Amino acid sequence: MNHNYLSVASAAVALLIGCAVEGGGLTVGQAFIALVPIVVLLIWSFAQSDLYE
């Protein structure tokens, strides 16, 4: 598994969720529930990638 792509994809999804909150498509609670697994995946994949070093 290439962790570089997974890290970038997780960051893009987190950005899209943030944009949905700003645009009124999601409430803060919905965004929080969606962001918890995304942020965990983002941190884990970034730590496993060679971008970390």
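In this text the structure is predicted, and so the values were computed from the model without any measurement. Nothing fancy with the numbering, it's 1 onward along the sequence.
Interatomic distance, Phe46 CZ to Ser10 OG, rounded to the nearest 0.5 Å: 12.0 Å.
Through direct or relayed side-chain contacts under 4.5 Å between Ile, Leu, Val, Met, Phe, Trp and Tyr, Leu15 connects to no other residue.
Closest heavy-atom contact between Ser45 and Ser7: OG-CA, 3.2 Å. Contact record, Ile17 with Ala34: CD1-CB, 3.8 Å, taken as the closest heavy-atom pair.
Taking the side-chain contact (heavy atoms from CB on, under 4.5 Å) definition, one finds that Ala14 meets it with Leu35, Ile38, sequence neighbours left out. Checked against side-chain contact (heavy atoms from CB on, under 4.5 Å), Ile33 has no partners two or more places apart in sequence or in another chain.
In summary, of the residues considered (Val39, Leu41, Val40), a side chain to side chain contact (heavy atoms under 4.5 Å, CB included) with Ile43 occurs for Val39 alone.
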